[in-house]
Amino acid sequence: MRVLIRPHSPKDNVAGLDVETIVGDLMDRDATSRAVIGTGALFHVAADYRLWVPDPQEILRNNLTATRNIMEAALQARVARIVYTSSVATLAPPTDGGLSD
């Protein structure tokens, strides 16, 4: 298993896991290519789900362009399966106080 992690992101979440770490960013096409080469599956779980930033284009770049980069890299590498997980921002709180799904 391999993970792509930004150079300055905390690595606590993957510490102790049996994973190969690729240091890079989803905005970097070379990094996305290195991350998916030789893999059979891609789990895309990254998102910028801030509700506000001074430049709204930043969120668009971080989500649209980054997702395009990793998906194009997966296509190029002939990755057989892709699991795309959206952000928590897509969940509406239930009106009855129950759990969201």
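These values consider heavy atoms only, across backbone and side chains, with no hydrogens, waters or symmetry-generated copies. These figures come from a predicted structure and were not determined experimentally.
Side-chain atoms of Thr85 and His44 form no donor-acceptor pair, as typed in the model, at a separation below 3.5 Å.
Counting only residues at least two apart or on different chains, no side-chain hydrogen bond (donor to acceptor under 3.5 Å, both in side chains) pair has a member in residues 33-42. Among residue pairs with one or both ends in residues 4-17, none qualify as salt bridge (charged side-chain N to carboxylate O under 4.0 Å, His left out); sequence neighbours excluded. Sorted by first and then second residue, the pairs that involve residues 59-77 and meet salt bridge (charged side-chain N to carboxylate O under 4.0 Å, His left out), not counting sequence neighbours, are Arg29-Glu72, Asp55-Arg61.
Applying the salt bridge (Lys or Arg N to Asp or Glu O under 4.0 Å) criterion to Arg2, with sequence neighbours excluded, gives Glu20. Remark: Glu58 pairs with Arg50 by the side-chain hydrogen bond (donor to acceptor under 3.5 Å, both in side chains) rule, at least two apart or across chains.
The neighbour count for Asp18 CG, taken as heavy atoms of other residues, nucleotides or ligands under 6.0 Å away, does not exceed 12.
Scanning all heavy atoms of the two residues, the minimum distance from Ala66 to Asn62 falls at CB-O, 3.1 Å. Taking each heavy atom of Asn69 and Thr32 in turn, the nearest pair found is O-OG1, 3.7 Å. The minimum heavy-atom distance linking Leu17 with Asn13 is given by the pair CD1-O, 3.6 Å.
No donor-acceptor pair under 3.5 Å is formed between the side chain of Asn63 and the backbone N or O of Ala47.
Residues Ile59 make up the rest of the hydrophobic cluster containing Val53, defined by ILVMFWY side-chain heavy atoms closer than 4.5 Å, directly or through other members.
Rounding to the nearest 0.5 Å places CG of Leu26 at 10.5 Å from OG1 of Thr65. Between atom CG of residue Leu4 and atom OG1 of residue Thr21 there is a gap of 9.5 Å, rounded to the nearest 0.5 Å.
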